[in-house]
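Notes to accompany the following structure.
What you are looking at is a predicted structure, and each value in this text was computed from that prediction instead of being measured. We use all heavy atoms of the structure for the numbers below, so side chains are in, but hydrogens, waters and symmetry mates are not. When a ligand or atom number is given, it counts from 1 through the structure's own listing order.
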Amino acid sequence: ALLLLSLNAATPETHYTVIVSLDGFRWDYPDMYKTPNLDRMAADGVKAVMLPSYPASTFPNHYTLATGLVPDHHGIINNTFWDVKNRRQYSMGDSATRNNPEYYLGEPIWITAQKQGVKTGNMYWVGSDIAIKKSHPTYYRPWNAKPFLTFEQRIDTVLTWLQKPEPERPRLIMLYFEEPDGSGHHNGPCSLPTGAVVQHMDSLVGVLRKKIEALPFGKDINLIVTSDHGMTDISPERVVNINDYVKPEWCEVIDGRTPTSIFSKPEYRDSICNALKKAAHIRVWKKEEIPAELHYGSSDRIGDIVVAPELGWQFTDVARDTKGAHGYFPQSPDMQVMFRAIGPDFKRGYISGGFVNVDIYPLLSHLLQIVPEKTDGQFERIKEILR
Ligand code: AMP
Ligand code: ZN
Ligand code: ZN
């Protein structure tokens, strides 16, 4: 009976779900700054601290939220990485490689939904404008399309999707904002300007909630507000230069910063490891020795040596206008993220013990009453937040 119910995606009892990502929104920003709208969501729904996947950066984690797979399994193992097969660098900042579907493994939730007859709308979520498995969300907007939409325009576009006639209306909407990440990098997580941006993002959450609740079926809409990773202070005094330890001729390729992947020349693998083990404030592992809790090391896009800085340390000179960074271990509280959820399917005034971000895909599948793909996520771990 359960299976039958799940397959019947368009039952009237299925609610709508809007999931919002505020990039780089650390879990404790609501304790540091005034966030009345997020506080109201906590009172009316669920409040939690969510762990990102490793590494705590934007492309790996947004794609984890979409697929339920850790970066090691979905292929976007960092914001940049060395593509061994084609001998070129993938970079989120280079649209030629970013938009190449071959890099994106696993199945984003919008595809799982659409295969089962559920329409989706997507505003700028990582992967949404890329032809993964030759398809796109029902409604989406390419990141590179001009004009680049303001935050207010994104909210209004999402509202036009929700106002479509019932048969065309998306059941799942994903909405992305690149703040407070930008301000967190520029000013540091604990600063007046970042506080102001956090407060502005909070007010936009209030605007979105008000507009959603004003819809005739507003009471049928779940709203989740969360993020990809946190933010921590960095300083020009906390820098390690890998080149002080490793000779360039020992390596085929060195790529990425937090962590750095080294593709060694095999005869120098031990020399590289031994040299780096002398450096303070970094961790160095042979790929097969990476601690299991990081779930990192099976992808061929990860070098045979992985070098990770400790929280707040950097591998290259810190640019003078950068005071915050992320990409560190998910177990570091500064990397953990805010999570709020309200709506017909969520408990009210509930503080969760926390969960990991691979569990979002099974959560969304449950809310949409669709059959999920097999992933690294577990519905059992997150279902406590549901009514
Ligand atoms: P990070 O370097 O991890 O702080 O990356 C954050 C940046 O990722 C944002 O400021 C955006 O410029 C970029 N970004 C976020 N989403 C997308 C997307 N869907 N497509 C392209 N770039 C994106
Ligand atoms: Zn980010
Ligand atoms: Zn960032």
Does ligand 1 have a heavy atom under 4.0 Å from the side chain of His62, from its backbone, from both, or from neither? neither
For Val126, the ligand 1 atoms with a heavy-atom partner under 4.0 Å come out as 16 (N), 19 (N)
With the Zn ion (ligand 2) at the apex, how many degrees lie between OD2 of Asp228 and OG1 of Thr58, rounded to 10 degrees? 100°
What about His185 and His326, are their ring centers closer than 6.0 Å? yes
Minimal heavy-atom distance between Cys273 and Ile305, with the atoms involved, is SG-CD1, 3.7 Å
Within Ser227, is some N, O or S atom less than 2.8 Å away from the Zn ion (ligand 2)? no
So Phe81 and Tyr103, would you call those rings parallel, tilted or perpendicular, with 30° and 60° as cut-offs? perpendicular
Any nitrogen or oxygen of His185, main chain or side chain, under 3.5 Å from a nitrogen or oxygen of ligand 1? yes
Can you tell me if an N/O/S atom from Asp23 lies under 2.8 Å from the Zn ion (ligand 3)? no
Pair Glu168 + Lys119, salt bridge at N-O below 4.0 Å: no
Taking just the N, O or S atoms of Asp181, which one is nearest to the Zn ion (ligand 3)? OD1
Within 4.0 Å of some non-hydrogen atom of Tyr176, the atoms of ligand 1 are 9 (C), 15 (C), 16 (N)
Any idea which protein heavy atom is nearest atom 6 (C) of ligand 1, and the distance to it? Thr58 OG1, 3.4 Å
Give a yes or no on whether Glu178 keeps an N, O or S atom under 2.8 Å from the Zn ion (ligand 2). no
Provide, to 0.1 Å, the distance between atom 19 (N) of ligand 1 and the closest protein heavy atom, together with that atom's residue and name. Tyr124 O, 3.0 Å
Looking at atom 11 (C) of ligand 1, what's its closest protein heavy atom, distance included? Trp143 CZ2, 3.6 Å
Give a yes or no on whether a salt bridge exists between Arg154 and Glu178, defined as a side-chain N under 4.0 angstrom from a carboxylate O. yes
Would you mind running through ligand 1 and noting each atom that sits below 4.0 Å from a heavy atom of Asp181? 4 (O), 6 (C)
Looking only at heavy atoms of His326, does any of them come nearer than 4.0 Å to an atom of ligand 1? yes
Using 4.0 Å as the upper bound for N to carboxylate O, is an ion pair formed by Asp304 and Lys265? no
Please work out whether the ring planes of Tyr296 and Tyr54 are parallel, tilted or perpendicular, with thresholds of 30° and 60°. perpendicular
Is the closest basic N to carboxylate O distance between Arg26 and Asp28 below 4.0 Å? yes
Which class fits the ring pair Trp143 and Phe148: parallel under 30°, tilted 30 to 60°, perpendicular over 60°? perpendicular
Which word best sums up how the rings of Phe217 and Tyr16 line up, parallel for under 30°, tilted for 30 to 60°, or perpendicular for over 60°? tilted
If you have a sec, work out which protein heavy atom is nearest atom 10 (O) of ligand 1 and how many Å separate them, to one decimal? Glu178 CB, 3.9 Å
Heteroatom proximity flag, Ser57 to ligand 1, N/O under 3.5 Å: no
Once rounded to 10°, what is the value of the angle centred on the Zn ion (ligand 3) between His185 NE2 and His326 NE2? 100°
State whether the side chain of Tyr328 and the backbone N or O of Trp313 hold a donor-acceptor pair below 3.5 Å, judged by distance alone. yes
When you compare ligand 1 with His229, is there at least one nitrogen or oxygen pair between them that comes in under 3.5 angstrom? no
Students should be able to answer this: which protein heavy-atom is nearest to atom 7 (C) of ligand 1, and at what distance? Met92 CE, 3.8 Å
In ligand 1, which numbered atoms sit nearer than 4.0 Å to a non-hydrogen atom of Asn79? 1 (P), 2 (O), 3 (O)
Within a radius of less than 6.0 Å around OH of Tyr268, do more than 12 heavy atoms belonging to other residues, nucleotides or ligands occur? no
